[in-house]
Amino acid sequence: MWGVASSVCMSLASDLALKELEAQGALEGLSKKEAKQKSSGAAREKALALSAAVAARIEAEGSFKTVEAVNGYINITFDENAVAARLLSEVLAAGADYGQGAPKSGRVMVEHSQPNTHKAFHIGHLRNTMLGIAVSNILAAAGYEVLQATYPGDIGMHVIKCLWCYECFHAGEEPADPTMRGRWLGDIYAESDARLSYRKEVLAFLHLLSKEDQEFVAAIDRLLKLLWRKNTEGEDIAYLLGRLTTQTEINADQLREQDVIAKFWPIIGDFLRDAVANPKPYVPVEGVPEPTTTPEERLATWEDLNQHIDWWVPSQGWQDQVKATFARWEKQEPAIVKLWEETRAWSLSDFERIFNEVGARFDVWFFESQVEDEGKEIVRELLDKGIAEISQGLPVVKIDEKLGLTTETYRTLPILRSDGSSLYATKDLALTKRKLVDYGVDRAIWIVDVRQSLYFEQIVKVLELWGFEQARQAAHVPYEMVVLPDGVISSRKGNVPLYEEIRDQVLARAREIVREKNPELAPGKQELVARQVGLGSLKYAMLARDNNRIVTFDLEEALSFEGHSAPYIQYAHARASRILEHSGSTIEELAAKAGTVDFGVLSAEELALLQAMAAFPGEIEKSAAEYRPLLIATYVYELAKSFNEFYHDHPVLKAEEPVRTARLVLVAAVRRVLANALGLLQIDAPDEM
RNA sequence: GCGCCCGUAGCUCAGUGGAUAGAGCGCUUGCCUCCGGAGCAAGAGGCCACAGGUUCGAGUCCUGUCGGGCGUACCA
């Protein structure tokens, strides 16, 4: 049955019941709540009576197939075959455009995919890229003119660090395979980060030991005396001893001989190994907080740091070397600029390859390096206009103050470093101005993770203060991070799941499954299907979770092509394609017959499919309004599920006419909508798999 | 301190005021002589974190509490 239900009688009845009891004086002396409780029983009876009466009146009209009153609801049904014929004709006539909304005014620019050059493109970036593509597709389907923009971070402190590390430790090196250069550069960056944070980590570890390991503190005296015998320098040891026993942080600058730590280091390892080998029960001490780490964890941290203990002494000068490299960049020294250009191109060619692979097509490529100078000019302009001011030695916009807010809301946005170099905000102001002015964008959208929510609110407010009316429509689409089952993605912990590595594993698994499930397929076709299914699965995993949910990336789950996944949906599409292929009719022939379909009495499964297809344009609207691809991801899964249920229970090719034709038309329409919805998610719909 | 997000089945998640709260995974059990079993069907599994409130009606809206995560002037 196809129809609508109305709860109007329920609310009417509740009003009526209350008024009647009031008139009778039955509510005298009762509190509001008691009165309502008393009336609710009466309301239910009234709703039943009312709905029955209203249903009888509507039925008498004769415009509907059936009209019934159930539980106080009025249920109305339509002539199913007539409605089905209209819908199926519409779907098949529109084809790839079914779901496409009427053109809407307003040019939208979706900025997404802001990976940093000189760093690895990882699974977290994939979520951003997929969200950006899907939001763009959905907005376009809703009728907007959409431009997609990418904004690689090709300059900044991370680039300088990477260049420093390359020059000092890897000059002239280059991987043999040119497609590996970007990834290799990412490793260099990770190494620079590890080198530069090494001192801090060692000191933090010593501090942690002194705080958490009472045995260690007790043993320090003995340990250091041991060291004393090997080392003539006593002053540094006294310093270390003092710091560790009083559990205060160590300042490496206070050491006269840098190698004291390195000499002390193996002795700590001996102690930690002994503590693990001969465990002692934990005895709580009054006033001492419980340790947050176990002896095993402490030993593991020591082992990690021990791999690079030879960094300790030279690392003293590394920070200064990085500063010097930065100065060379600021002066645009030719050698460093050349190195930057060369290495930047390595990363960008990786990005292009990845974007191409996942179907990201950009109308505009912005680069941070392009908007630096413009940004600095804007800072001057904002200062001149009195929107920005110098505070604590740097230009800032005190937003709350400028807006006259007394409660802390937008706070203060620094727009340039005190040394005159640019910040992210410096560049974003210039970039957004460019979008609004040069590209005539009415609505600028940023797909950026949720941690930058406050930052984008600040940018929008500064643009408004600056006088850009369009800023009111600008929108940050926040989304949560991708984490791993064992914690956050961290280059330090070395647990960064690179996109290309994950992709390789997913494709390998997909090839295996295709060979197993469909061995007759030609090898070339197998490879194509493996890519469609493998990449589809990966993409769907990124989109089938709401924006504000943290995605825990589980490789095992990504490698599973069953259940709630892209392959499930693609399989439904392939089955529909096969049925049509065997039908002897073309899509065009079926489309021509759509207006006269006769299902006889519609089954629940057929009805579910028709209703789902009718809902598609509305789902697009909603998804576009809320920037939520999840709605489409859920929708297309449910449509596929309904289709699987349908063809299992109802023969199509073997059905008697006219039902056979009606069902074929239905299959053709469902196949179309499945493909269209998958298309919004940038997922392919294979005809066989 | 202030602000934002999350808390629903063993696990991962849908459900943005309506009828008996749903999927997937995992577990138990059926279904390939029938358009392809990447599938279908059935079963077990829930004080929707807690406490108030608004409403005829609350997983959904409001207030508070607890637990977890993230922001909060020179990182991006």
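Every chain is numbered from 1 and lettered A, B, ... according to where its sequence line falls, protein lines coming before strand lines.
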(request) State, without any angle test, whether A:Y571 and A:N644 hold a side-chain donor-acceptor pair at a distance under 3.5 Å. (result) no
(message) From CG of A:D687 over to C1' of B:rA38, roughly how many Å is that when rounded to an integer?
(response) 16 Å
(request) Tell me whether the centres of the aromatic rings in A:Y540 and A:H564 are closer together than 6.0 Å. (result) yes
(message) Base contacts versus sugar-phosphate-only contacts with protein, heavy atoms under 4.0 Å: please encode nucleotides 9-15 of chain B as B, S and - from 5' to 3'.
(response) ---SSSS
(message) Anti or syn, where syn is a glycosidic angle within 90° of 0; which label fits B:rC32?
(response) syn
(message) With hydrogens left out and only the distance checked, is there a donor-acceptor pair under 3.5 Å joining A:S453's side chain and the base of B:rC4?
(response) no
(message) Can you tell me whether the side chain of A:S391 and the base of B:rA73 have a donor-acceptor pair closer than 3.5 Å?
(response) yes
(message) Can a side-chain donor-acceptor contact be found between A:S623 and A:E619 if the only test is distance below 3.5 angstrom?
(response) no
(request) State, with a plain yes or no, whether a side-chain heavy atom of A:L131 is found less than 4.5 Å away from one of A:P629. (result) yes
(message) From the set B:rA76, B:rC35, B:rC40, return the single nucleotide nearest to any side-chain atom of A:E645.
(response) B:rC40
(message) Tell me the interatomic distance from A:R575, atom CZ, to B:rA38, atom P, rounded to whole angstroms.
(response) 8 Å
(message) What's A:V448 touching, base or sugar-phosphate or nothing? Going by heavy atoms closer than 4.0 Å.
(response) nothing
(request) Quick one: label A:V652 by what it contacts on the DNA or RNA (base, sugar-phosphate, nothing), any heavy atom closer than 4.0 Å. (result) base
(message) Categorize A:M689 for me: base, sugar-phosphate, or nothing, with a 4.0 angstrom heavy-atom threshold over every strand shown.
(response) base
(request) Could you tell me which nucleotide pairs with B:rA49 by Watson-Crick or G-U wobble geometry, both distances under 3.5 Å, or answer none if nothing does? (result) B:rU65
(request) Write down the distance separating the C1' atoms in B:rA14 and B:rU63, rounded off to the nearest Å. (result) 27 Å
(request) Return the nucleotide paired to B:rA41: Watson-Crick means purine N1 to pyrimidine N3 with N6-O4 or O6-N4, wobble means G-U with N1-O2 and O6-N3, both under 3.5 Å. (result) B:rU29
(message) Rounded to whole Å, how long is the line connecting atom CD of A:E457 with atom C1' of B:rC4?
(response) 9 Å
(request) Pick base, sugar-phosphate or nothing for A:H573, based on heavy-atom distances below 4.0 Å to the nucleic acid. (result) nothing
(request) Evaluate whether atom CD of A:E656 has more than 12 neighbouring non-hydrogen atoms of other residues, nucleotides or ligands under 6.0 angstrom away. (result) no
(message) Pairing donors with acceptors under 3.5 angstrom, does anything connect the side chains of A:E657 and A:T661?
(response) yes
(request) Pick the P atom in B:rU28 and in B:rG36, then give their distance to the nearest Å. (result) 30 Å
(message) Is any side-chain heavy atom of A:I399 closer than 4.5 Å to one of A:L405?
(response) no
(request) Apply side-chain contact (heavy atoms from CB on, under 4.5 Å) to A:F553 and A:L126, showing your working. (result) CA-CA 11 Å; A:F553 181 76; A:L126 181 66; over 6 Å; no
(request) For B:rG45 and B:rA23, measure between their C1' atoms and round to the nearest Å. (result) 14 Å
(request) Choose from B:rC74, B:rA38, B:rG39 the nucleotide whose nearest atom is closest to any side-chain atom of A:L394. (result) B:rC74
(message) Measuring to OP1 and OP2 of B:rA73, would you say a side-chain N or O of A:R417 lies under 4.0 angstrom away?
(response) no
(request) Would you indicate, yes or no, if B:rG24 has its OP1 or OP2 atom less than 4.0 angstrom from a side-chain nitrogen or oxygen of A:K641? (result) yes
(request) Among B:rA73, B:rC40, B:rG36, find the nucleotide with the atom closest to the side chain of A:Y568. (result) B:rC40
(request) Using the P atom as the reference point in each nucleotide, state the distance between B:rU12 and B:rC66 in Å, no decimals. (result) 25 Å
(message) Base, sugar-phosphate or nothing for A:Y455? Non-hydrogen atoms, less than 4.0 Å.
(response) base
(request) Could you check whether A:E581 gets within reach of a base, just the sugar-phosphate, or nothing at all, counting any heavy atom under 4.0 Å? (result) nothing
(request) Could you tell me whether the side chains of A:R575 and A:Y647 share a donor-acceptor contact shorter than 3.5 Å? (result) yes
(message) Please report the distance separating the P of B:rG59 from the corresponding atom of B:rA44, rounded so that it comes out in whole Å.
(response) 23 Å
(request) Go ahead and name the base partner of B:rA21; Watson-Crick or wobble counts if both distances stay under 3.5 Å, otherwise write none. (result) none
(message) When the P atoms of B:rA58 and B:rC50 are compared, how many Å lie between them, rounded to an integer?
(response) 15 Å
(message) Hydrogens and angles aside, do A:E605 and A:H650 bring a side-chain donor and acceptor to less than 3.5 Å of each other?
(response) yes
(message) Using atom C1' in both nucleotides, what's the gap between B:rG64 and B:rG18 to the nearest angstrom?
(response) 27 Å
(request) Please work out if A:E480 contacts a base, only the sugar-phosphate, or nothing of the nucleic acid, heavy-atom cut-off 4.0 Å. (result) nothing
(request) Measure distances between side-chain N and O atoms of A:E408 and base N and O atoms of B:rG1, and say whether any donor-acceptor pair falls under 3.5 Å. (result) yes
(message) Check this one for me: any side-chain N or O of A:Y571 less than 4.0 Å away from OP1 or OP2 of B:rA38?
(response) yes
(message) Please give the distance between the P atoms of B:rC4 and B:rA41 as a whole number of Å.
(response) 43 Å
(message) Under a 3.5 Å cut-off for both contacts, is B:rG1 paired Watson-Crick or G-U wobble with anything, and if yes, with which nucleotide?
(response) B:rU72
